[in-house]
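A short worksheet on the structure shown next.
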Amino acid sequence: MKVCDYIQLAAPGIQALQPYEPGKPIEELERELGITGIIKLASNENPLGASPRAVLALKGALGELHRYPDGGAFELKRALAAKLGVGMNAITVGNGSNDVLELLARAFVPPGAEVVFSQHAFAVYPLVTQAVGGRPVVVPAAGYGHDLRAMQAALTPRTRLVFIANPNNPTGTWSPRDDLQRFLRAVPPEVVVVLDEAYFEFVNEPEYPDGVRWLGEFPNLVVTRTFSKIYGLAALRVGYGISHPQIADVLNRVRQPFNVNSLALTAAVAALEDDEHVRASAGLNQRGMRQLERAFRAAGLDYIPSAGNFISVEVGDAARVYEALLRAGIIVRPIAGYGLPRHLRVTVGLQAENDRFLAALAAALDADGAARP
Ligand SMILES: *Cc1c(COP(=O)(O)O)cnc(C)c1O
């Protein structure tokens, strides 16, 4: 049979898509370099690993692999509802919070509708927008962060969805309570605003808002969070949205019936109860962040102050520095695709991992005087 041009046959928005580029897996670099002892600081994973309680609960769930998961995610929704002080009908579970972001686009963005988000914002926003034939409206950032007034000015009668990452990945920038509240009050109720709080549990800023508190005031608000970051369950893929029950109802209609698997559900419930693991992870992150900032300042490197568990630092020719770090067995994240070709994003690791990264970074910058910013 004749092969035709299947790219041309794809829906127009999908033809133009750039696939998401994940952090390089450790095993891949091991194969390429034939070395071990590789450090990955590329995907904002928890360097302490998963909650030990979650791991224990998982072992107990292995006998039930032949059963379909609970499609209604009853135990997880009950635990989340109790913790967040919302009804179970406000919660949408996803195969990672990325899944919830995609459900939102599928549910609320008809072809040609506009989706507003910031320059340098999380790469999944343009992906899910284009995949459904929506029109991305990218608003220039201010000081690397979201310019909420400009985003407000970008709303039109065609706007259906707004994505706000708070804090944003890869910049780590965040919007304070008053600014966000002003923005939410200015958005018409028929425009759904997604407040992506993937790093919520890491933030230690008095002016940082808890989006869930606003759900009563703003029925068009959807807050998304994840078990991939502080809870250390990235491999299992589980996240959730919290919204007005009608929005949750809509998302439930487009969701795959078993979008979150049994192991993920079990581990998430156990992780949610492990306050000690969350506290330890946040504490480690704060110390590691100070360690990295101090070293960057001492080296005269500019960085973007971050409220998350990662930080983007300006290194000059970032592609070359990235390659030099790889050869030293350290995986970080180039973010040229986010419009930041002079920066690298590094996840805060264990103290010894941060030390090794900083030493390798200094060596890479010294070896290549031209790369110095
Ligand atoms: C990591 C991340 C997510 C969530 O990823 P999942 O693993 O799919 O839950 C969502 N938004 C931002 C900004 C992130 O950095």
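Both counts, for ligands and for their atoms, begin at 1 and track the order of listing. By convention here, the first residue in the shown sequence is residue 1.
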Pick one of side chain, backbone, both or neither for how Asp196 approaches ligand 1, counting any non-hydrogen atom pair under 4.0 Å.
side chain
As a quick check of understanding, evaluate side chain to side chain contact (heavy atoms under 4.5 Å, CB included) for Leu365 and Leu301, giving each step before the final call.
CA-CA 11 Å; Leu365 293 174; Leu301 296 173; 3.9 Å; yes
Would Gly239 count as a contact residue for ligand 1, given that I'm defining contact as a non-hydrogen atom of the residue lying under 4.0 Å from a ligand atom?
no
Side-chain donor/acceptor of Thr226 to backbone N/O of Ser228, under 3.5 Å:
yes
In terms of atom number and element, which parts of ligand 1 are under 4.0 angstrom from non-hydrogen atoms of Ser228?
6 (P), 7 (O), 9 (O)
Counting each atom of ligand 1 from 1 as listed, which ones have a heavy atom of Asn169 under 4.0 Å away?
13 (C), 14 (C), 15 (O)
With a 4.5 Å cut-off on side-chain heavy atoms, are Pro110 and Arg160 touching?
yes
Beyond-backbone contact of Tyr240 with Leu80, side-chain heavy atoms, under 4.5 angstrom
yes
Which residue and non-hydrogen atom of the protein lie closest to atom 8 (O) of ligand 1, and at what distance in Å?
Arg237 NH2, 2.7 Å
Closest to atom 2 (C) of ligand 1 among protein heavy atoms sits Lys229 NZ, 2.4 Å
Run the numbers for me: atoms of ligand 1, each under 4.0 Å from some heavy atom of Ala198, listed by number.
2 (C), 3 (C), 10 (C), 11 (N), 12 (C), 14 (C)
Quick one: which ligand 1 atoms are inside 4.0 Å of a heavy atom on Asn98?
5 (O), 6 (P), 8 (O)
If you measure every N or O of Asn44 against every N or O of ligand 1, does any of those distances drop under 3.5 Å?
no
Indicate yes or no: does an N/O atom of Ser97 lie under 3.5 Å from an N/O atom of ligand 1?
yes
Sequence neighbours left out, cut at 3.5 Å: what donor-acceptor pairs do the side chains of residues 112-127 make with other protein atoms?
unit_1, atom_1, unit_2, atom_2, d
Glu114, OE1, Thr156, OG1, 2.8
Glu114, OE2, Arg135, NH2, 3.2
Glu114, OE2, Arg158, NE, 3.0
Glu114, OE2, Arg158, NH2, 3.4
Gln119, OE1, Ala141, N, 2.8
His120, ND1, Tyr338, O, 2.8
Tyr125, OH, Asp196, OD2, 2.7

Do the rings of Phe202 and Tyr199 sit parallel, tilted or perpendicular, given the 30° and 60° boundaries?
tilted
Among protein heavy atoms, which lies nearest atom 9 (O) of ligand 1, and at what distance?
Thr226 OG1, 2.5 Å
Which heavy atom in Leu48 sits nearest to a heavy atom in Asn46, and how many Å separate them?
N-OD1, 2.8 Å
With a sphere of 6.0 Å drawn around CD of Gln286, does it hold more than 12 non-hydrogen atoms of other residues, nucleotides or ligands?
yes
Checking heavy atoms under 4.0 Å, the part of Tyr199 that sits near ligand 1 is side chain
